Amino acid sequence: MTTEIEKSAARSSDSSDNRRYTPGDIEKKWQKVWEETGQNHADDNDPRPKFYNLVMFPYPSGDLHIGHWYNFTGVDVFGRFQRMNGYNVMQPLGFDAFGLPAENAAIKRGVQARKWTLSNIEKMRSQLKTMGGIWDWQREVVTCLPDYYKWTQWLFLKLYEAGLAYRAKAPVNWCPNDQTVLANEQVLADGTCERCGAVVEKRELEQWFFKITSYADRLLDFKEVDWPERTMLMQKNWIGRSEGARVNFMITGPDGQETTVPVFTTRPDTLFGVTFFLLAPEHPLVEKVTTPAQQAEMAAYVAKARSETDFERQSSEKKKTGVFTGSYVTNPINGEKVPVWVTDYVLMGYGTGAVMGVPAHDQRDFEFARTMGLPVRLVYEPDDRSISADEMTQALVHEGHVVNSDQFNGLPDSQETVKTFIRFIEEKGVGKAEINYRLRDWLISRQRYWGTPIPMVFCETDGIVAVPESQLPVILPEEVNFRPDGVSPLQYLPEFVDTTCPKCGGPARRETDTMDTFMCSSWYFLRYCDAQDAEAAYDRAKVNRWMPVDQYTGGPEHATMHLLYARFFTKALHDMGLLDFDEPFRKLFHQGMIRSEGKKMSKSRGKTVAPDALVEQFGADAVRCFLMFLGPFDQGAEWNDKTEQLLSGVSRFLNRVWNLVQNAETAGPPVVDSAVEKEIRRVTHKTIKRVVDDLGHWALNTALSGLMEFTNSLYEFAAKQPGVYNTPAWKEAIETLLLLLAPLAPHITEELWQQTGHTGTIHTQRMPAFDPALAVDEVVTIVVQVNGKVRDKIEVAAGLGEEEVKATVLASPKVAAAMEDKHPKKVIYVAGKLVNIVV
RNA sequence: GCGGGAGUGGUGGAAUGGCAGACACGAUUGACUUAAAAUCAAUUGGAGCAAUCCGUGCGGGUUCGACUCCCGCCUUCCGCACCA
């Protein structure tokens, strides 16, 4: 008889048992060991094949939230998996450290942007270390430090030398209240300033651009990459290639002077249908061709268009508006004169800023014609019915055959017809075939302080002069005063602005704009290959050792920004002879995002959840598994009150894995039952197949459920036959479980690996090899259907032939009952799976 | 408007055209406990006493057989959006 006190004592000693799973201690212990043994550093000279596992680096916003953890855990699981497949995995991390939030913190709270950023990095790095990732910290890059941005400046100079950087006037977002330029992200969807709510205006400023448009066609070529279809499609749409023609019209101004105005059109086959001509409000000819009688109305219209936000102006719901210039243009194909109008639906930034109006066959032109009472002339007619221009309610697009077009009448609506027209205008010398892109040149100037200074000076005698390489880096001053007056605070620092011209030695001013932060992220993956190089941006041999990136992981929101810029950079550097390849990222994967209240979890958007408390309570392994168990990695997850409940499931699972190993320690001697051992081996090898496949294609949630099922069946084996403990098959099973789980839960598996008598780290072991012979089923369950409905399930020996299986099925009483004495018309047989009897 | 995803129990989610709901969460019950937590065991899509029937956003179709393929819708998320 045990007393209550004794029981209680047993319980409390049980709870302090040192064989209990205590993630906190285990995780700290192993993280220290891993760091000391340097096992996460990828050596350049390692003979194993390389695997460059890259994740989009974070912005150091202040603290690491659960969304970061989700992202980085998935990447780390994949990297660890590849390492266990025998690769020399390089998995670096760094910080994209220039950008607006630091500057806003400086303005609002008076902290120095640099200090704010570096302390955030410090904090995030230490938070990140608790997840036990294989980040190669020796390769860390921080883009706001001079030893990095020196080379960003150097790359700018290289692009400038190659003729890929130029300076031009361009409109920027201007807040009249704050007296400052805003980034596009700071302009809200309704066109107001995110800080003060004032309506944002456009201003023309001299800006630096990169000629990304000259790479448009190269960027449309995806032959060398294995990317998600949708990402390539987004880039294709963004680049927006359209084939067509440039056609020259002749405007006669009020002074009688003639000026050639080209238009771009994808439909030169509708040239006979032109009934008016349109100019964008910003078009340089507007003032010149407007007659005195129209001047006042035109000036008002242009001023209004300029003051409108892109959002207001580009709404397709908006009614068509416009003003007649009073002038006429000559259609080169038939010599007809048509009126020239100005309208805001023609954009200065696309094509030539001038458009030929073909209302019969373009919906926008049709609406414009109806609003302004302009004529509509059909140059295509449907093949099966006749229509009249007066009765049309919408434009006729891509239908019928050519009419009212002289010798072209009767041609079908086709690419061939378009080409026929292009040949004609080329022969006449009034135009030529042309390809146009939606893509614009990349504007990299920012009237901001916290960014890489543009290494250029302005000299009165020599004009724009590049800072020589030997004078790099152009250091960004740390102490500045912020004044909300629309210019970079750098302009108020004479010690920064005033310099001497590198060419003539005379007085010169430095460029005070800084670079778009996308510049920093367009080459960081190269710097990781040689992060500590003080002599060069990167060593060619080292970059060749690691590039291209084998696996790149990041959010889909970067499809048309960062991913396009980085490809452009790589191609441009390749063409300058600075790289041996021209595609940076071989494989791409977009992880989903953790959302709260439907929106991406991020500090700038409000609510975030910190992982620290969860890690403290359940351990990093449990949090890692939990996040990966939420669903497919590319789907992300909604974070709400119920989400965290799922953590207890994986936490229990890890405890069960732990206890499974402890139970074997206290179990008696093995009792060998060859049939049971065979069964254990079968389950083990089926699991290897499943989990390895899943880990290989990012199905991390099902990899985990496979391991849970495996663990559950091991418990069942042990419950049925306690003698299985410590049999060779059992040991193989436990070893397999630990190896397969290691990428997901690195700490507990390392600890148990040691406990089960292994030496050396589990993480550099190879993944267990799948042996198909051991995974073969001996007995299979055949599903029996009658007319497609399941009526019975029959167990048969796996090798049984078709006829024997059918005979067994037909002998089933349940099947007989379902068949109701009818004769089988047809019997479908799927080997090892199913028999369907059709009666 | 165009392009691309996604719609499955109370919840997160599984399912090479072949047993819908694996694996978990939650819930209910039981064991252990003075009690709770933890753990273990059982049940858990709906209806029905049952045999059985009904169920993967909606409507059609292909097929012996459809969550899966095809056509037409609806809802929702993402990207682009007056691009000539």
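Within every chain, numbering begins at 1; the chains are lettered A, B, ... in the order of the sequence lines, protein sequences first and strands thereafter. Note that this is a predicted model, so its numbers are computed, not measured.
- If you check every strand for non-hydrogen atoms under 4.0 Å, A:Arg230 touches sugar and phosphate atoms only.
- Residue A:Ser648 has a polar side-chain atom (N or O) positioned under 4.0 Å from OP1 or OP2 of B:rG26.
- Of the residues in residues 696-708 of chain A, A:Asn701, A:Thr702, A:Ser705, A:Met708 come within less than 4.0 Å of RNA chain B through at least one heavy atom, sorted by number.
- Neither OP1 nor OP2 of B:rG65 sits under 4.0 Å from any side-chain N or O of A:Lys833.
- Contacts of A:Pro556 with the nucleic acid, taken as non-hydrogen atoms under 4.0 Å apart, are absent.
- Of the candidates B:rG13, B:rC25, B:rG4, B:rG4 carries the atom nearest the A:Leu233 side chain, counting heavy atoms from C-beta on.
- Applying the 3.5 Å distance criterion, the base of B:rC82 shares a donor-acceptor pair with the side chain of A:Lys320.
- The closest side-chain heavy-atom distance from A:Val247 to A:Phe264 is not below 4.5 Å.
- The nearest heavy atom of RNA chain B to A:Leu647 and to A:Trp238 marks one nucleotide each, and the one closer to the 5' end goes with A:Leu647.
- Within 4.0 Å of A:Arg246, counting heavy atoms only, lies no atom of the nucleic acid at all.
- Contact annotation for A:Thr343: no contact, since no heavy-atom pair falls under 4.0 Å across all strands.
- When the C1' atom is used for both B:rG26 and B:rC32, the distance is 23 Å, rounded to whole Å.
- Contact annotation: side chain of A:Lys826 to base of B:rC64, donor-acceptor pair absent below 3.5 Å.
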Once Watson-Crick and G-U wobble pairs under 3.5 Å are found, how is RNA chain B written in dot-bracket notation, 5' to 3', with | for any base paired to another strand? (((((((..(((.....[....)))((((((.......))))))(((....)))..(((((..]....))))))))))))....
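- Contacts of A:Lys833 classified as side-chain hydrogen bond (donor to acceptor under 3.5 Å, both in side chains), with partners at least two apart in sequence or in another chain: none.
- Nucleic acid contact class of A:Val346 (heavy atoms, under 4.0 Å, all strands): base.
- Residue A:Arg656 is classed as a sugar-phosphate contact, given heavy-atom separations below 4.0 Å to backbone atoms only.
- No engagement by A:Thr643 is indicated, since no non-hydrogen atom pair under 4.0 Å with the nucleic acid exists.
- Comparing B:rC23, B:rC83, B:rC40 by their nearest atom to the side chain of A:Phe629 picks out B:rC23.
- Salt-bridge annotation for A:Lys304 and A:Asp344: absent, with no side-chain N of the basic residue lying under 4.0 Å from a carboxylate O of the acidic one.
- Only the P atoms considered, B:rC69 is 11 Å distant from B:rG5, to the nearest whole Å.
- You'll find a donor-acceptor pair under 3.5 Å spanning the side chain of A:Gln785 and the base of B:rG18, going by distance alone.
- Nucleic acid contact for A:Lys789: sugar-phosphate only, since backbone atoms but no base atoms lie under 4.0 Å from a heavy atom of the residue.
- The side chain of A:Ile828 approaches B:rC64 more closely than any other nucleotide in the set B:rA84, B:rC82, B:rC64.
- As rounded to the nearest Å, B:rG7 and B:rA14 have C1' atoms that lie 16 Å from one another.
- When atom types are taken as modelled, the side chain of A:Arg364 and the backbone of A:Asp362 share no donor-acceptor pair closer than 3.5 angstrom.
- When heavy atoms are screened at a 4.0 angstrom cut-off, A:Leu630 is found touching the sugar-phosphate backbone but no base atom.
- For B:rG13 and B:rG57, the P atoms lie 15 Å apart once the distance is rounded to whole Å.
- A salt bridge between A:Lys806 and A:Glu802 is present, with a side-chain N of the basic residue lying under 4.0 Å from a carboxylate O of the acidic one.
- Which of B:rG10, B:rG26, B:rG13 sits closest to the side chain of A:Gln645 comes down to B:rG26.
- Counting non-hydrogen atoms under 4.0 angstrom, A:Asp362 reaches nothing in the nucleic acid.
- In this structure, A:Glu229 reaches neither bases nor backbone, as no heavy-atom distance under 4.0 Å exists between it and the strands shown.
- If you find the closest nucleotide of RNA chain B to A:Val790 and to A:Asn712, the one lying nearer the 5' end belongs to A:Val790.
- For an aromatic pair to be called close, the ring centres must be under 6.0 Å apart, and A:Tyr70 with A:Phe633 satisfies this.
- As rounded to the nearest Å, B:rA84 and B:rC71 have P atoms that lie 27 Å from one another.
- Using P as the reference atom, B:rU11 and B:rA47 are 15 Å apart when rounded to the nearest Å.
- With salt bridges taken as basic N to acidic carboxylate O contacts below 4.0 Å, none links A:Glu367 and A:Lys319.
- Distances were taken from every side-chain heavy atom of A:Arg652 (C-beta onward) to each of B:rG13, B:rC64, B:rG26; the shortest belongs to B:rG26.
- For B:rU68 and B:rA24, the C1' atoms lie 24 Å apart once the distance is rounded to whole Å.
- Each of A:Thr265, A:Thr270, A:Asp269 was compared with A:Arg267 under the side chain to side chain donor-acceptor pair (under 3.5 Å) criterion, and only A:Asp269 meets it.
- In this structure, A:Arg656 is positioned above the aromatic face of A:Tyr715, its NZ or CZ under 6.0 Å from the six-membered ring centre and within 45° of the axis.
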